[in-house]
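Reminder, nothing fancy here: chain letters follow the sequence lines and each chain counts from 1.
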Protein chains: 2
Amino acid sequence: MKTREKILTQSLKLFNAQGMAQVGVRDIARHLGVSPGNLSYHFPKKEDLVLELVNRMRAVNDQCYNTYFSGIPSLPGFLQTMRGVFSNQYDHQGLLIGQEEMRRILFNEYDYKAVEERRKTHFKTIFLGLAAAGELKLESEDADFLVSYMTLFGRFWILESFVSTPELSKEEAVEKYLRLLARQLALFATEQGKGSLNSFFE
Amino acid sequence: MKTREKILTQSLKLFNAQGMAQVGVRDIARHLGVSPGNLSYHFPKKEDLVLELVNRMRAVNDQCYNTYFSGIPSLPGFLQTMRGVFSNQYDHQGLLIGQEEMRRILFNEYDYKAVEERRKTHFKTIFLGLAAAGELKLESEDADFLVSYMTLFGRFWILESFVSTPELSKEEAVEKYLRLLARQLALFATEQGKGSLNSFFE
DNA sequence: GTCTATACAAGGATAGAC
DNA sequence: GTCTATCCTTGTATAGAC
């Protein structure tokens, strides 16, 4: 494996274990048996390293969503998609828990506002699609309400999990929050949708 | 005002403006016209300073909840309480946004698990009280579901607000997330409860 | 292109004089 | 209570070996 890849792999491992702020470039270098300066060569700033990891996480998430959009809208399909997303988020917990740092970096890098908007329309499309498919029954501003729920929940379930129930395994945590999400969706589900949800967890 | 108080006031101001990680002890000292060493005298570690600010925030929050418990359970009462809590959280945004740092500190300081449990039973008591008062209609595990919702939402609405809509003023942000909370509660409200909710926002 | 060694700046923390 | 001086760690930059 190339050094660059090794750095990324090892960094993520350390970030997940100790948090971004606690892991210094010297730590990473030591774990790899290379010099700190070598890190600087591959990633001039620690930010660059983090940004690369964030981009990879996002790429996997996007793939999950794309798979969803390539099929027929359904609640089980959506939950399966979110299971993939949650699992991926869990694998990058170190980045997500270091919220502040990550936010600062992304803020400088992207048109953050645009990314946020895209995220929202994304979910709105999904929910309206589920309504059209007869899975959800959405009145007046229910779709926007669900979008608000989804953006907050989808971003912070993992932080909540670590704060509230740090003893859970990855599978347990993902399933727990997937069920909470399903329960929320059930509040807006048609009879058909409720059947879909029940079948998903069997 | 004693130097100790001045330090706390100024620190919070700077933390809110720039984030905990971005504000150094030297910055705080310079803004106060005292030496960095003087800060160390009053707060040996930066952690100690943060911890004191967190404790004060919590004290105000507890006061909000105590006021609620001293009255008759009602949805408007609860929302009013949460408006106070949200407002207080907003005033301490710097601490809450520096999630990682704060969590590390609290983890060492308290029996964190116990605090989390207390928080949950707290909300459960509130929701069961609202059900008993005829405001909410809770079946089987609805109460636990709402508690899960409330702990996550109550902790992360402010982060979500800054990520998602950083342009909002304090009042706008607090009202926005208070309405989202109300909307969630409305999903479990009795006819009486729905009336209560509507009256609250008029 | 890849890596080591090393220097520098900035931040938290401490000791000791006043 | 307050200050100065100093130490240690961490992120960052670069000169130069291979």
Side-chain angles (χ1 to χ4, degrees), chain A residues 1-55 94-95 97-109, chain B residues 1-55 94-95 97-109:
Chain A
M1 208 198 294
K2 298 279 184 205
T3 301
R4 193 185 148 85
E5 283 305 311
K6 282 192 203 160
I7 292 172
L8 287 165
T9 307
Q10 186 64 43
S11 301
L12 182 58
K13 207 177 290 180
L14 290 172
F15 288 163
N16 283 346
Q18 304 170 238
M20 276 199 297
Q22 270 58 54
V23 178
V25 287
R26 287 170 179 80
D27 297 320
I28 303 169
R30 185 159 29 77
H31 273 87
L32 290 169
V34 301
S35 77
N38 195 357
L39 279 195
S40 288
Y41 168 70
H42 289 285
F43 301 97
K45 302 188 175 199
K46 191 180 175 185
E47 270 192 22
D48 300 322
L49 209 178
V50 174
L51 192 59
E52 175 72 23
L53 288 171
V54 171
N55 282 336
L95 307 177
I97 289 179
Q99 260 288 331
E100 191 183 15
E101 180 85 357
M102 179 173 146
R103 212 161 53 90
R104 224 197 55 243
I105 295 172
L106 295 183
F107 231 86
N108 298 333
E109 208 60 30
Chain B
M1 209 198 294
K2 299 279 184 204
T3 300
R4 191 185 151 85
E5 283 305 312
K6 282 193 204 159
I7 293 172
L8 286 166
T9 307
Q10 186 63 44
S11 303
L12 182 58
K13 208 177 290 181
L14 291 172
F15 288 162
N16 283 347
Q18 307 171 236
M20 276 199 297
Q22 270 58 52
V23 178
V25 287
R26 287 172 176 83
D27 296 320
I28 303 169
R30 185 160 29 79
H31 273 88
L32 290 169
V34 302
S35 75
N38 195 356
L39 277 195
S40 290
Y41 167 72
H42 289 286
F43 301 96
K45 302 189 174 196
K46 193 180 173 185
E47 270 193 21
D48 300 322
L49 210 178
V50 175
L51 192 59
E52 176 71 23
L53 288 172
V54 171
N55 282 335
L95 307 177
I97 290 178
Q99 259 289 331
E100 189 183 14
E101 179 84 358
M102 180 173 146
R103 212 162 53 88
R104 223 198 56 242
I105 295 171
L106 295 183
F107 231 87
N108 300 330
E109 208 60 29

### Message
Test your reading of the model: is there a side-chain donor-acceptor pair from A:D48 to the backbone of A:K45, 3.5 Å cut-off?
### Response
yes
### Message
Could you work out, with ring-ring contact (aromatic ring centres under 6.0 Å, His included) as the rule, every residue matching A:F107, not counting sequence neighbours?
### Response
A:Y112
#### Entry: Spacing between B:R4 atom CZ and D:dT2 atom C1', to the nearest angstrom
16 Å
### Query
Can you check the A:E5 CD to C:dT2 P distance for me, whole Å?
13 Å
### Task
For B:H42, look at atom NE2 and say whether over 12 heavy atoms of other residues, nucleotides or ligands are found less than 6.0 Å away.
yes
### Task
Determine: side-chain N/O of A:H42 to OP1/OP2 of C:dC3, distance under 4.0 Å, yes or no.
yes
### Nucleotide D:dT2, atom P - distance to NZ of B:K6 in whole Å
9 Å
### Query
Ion pair present between A:E100 and A:R103, side-chain N to carboxylate O less than 4.0 angstrom?
no
### Task
Mark yes or no for whether B:K46, through its side chain, and B:S40, through its backbone, hold a donor-acceptor pair below 3.5 Å.
no
### Task
Return the value, rounded to whole Å, for the distance between atom CD1 of A:I7 and atom P of C:dT2.
11 Å
### Message
Expressed as a whole number of angstroms, how long is the span from B:K2:NZ to D:dG1:P?
### Response
7 Å
Nucleotide N/O of nucleotides 10-14 of chain D paired with protein N/O under 3.5 Å:
unit_1 : atom_1 : unit_2 : atom_2 : d
D:dG11 : OP1    : A:K46  : NZ     : 3.2
D:dG11 : OP2    : A:V25  : N      : 3.0
D:dG11 : N7     : A:R26  : NH1    : 2.6
D:dG11 : N7     : A:R26  : NH2    : 3.4
D:dG11 : O6     : A:R26  : NH2    : 2.6
D:dT12 : OP2    : A:K46  : N      : 2.9

### Task
State plainly whether the residues B:R30 and B:D27 are in salt-bridge range, i.e. N to O under 4.0 Å.
yes
### Query
Would you say B:T3 reaches D:dT2's phosphate, i.e. side-chain N/O to OP1/OP2 under 4.0 Å?
yes
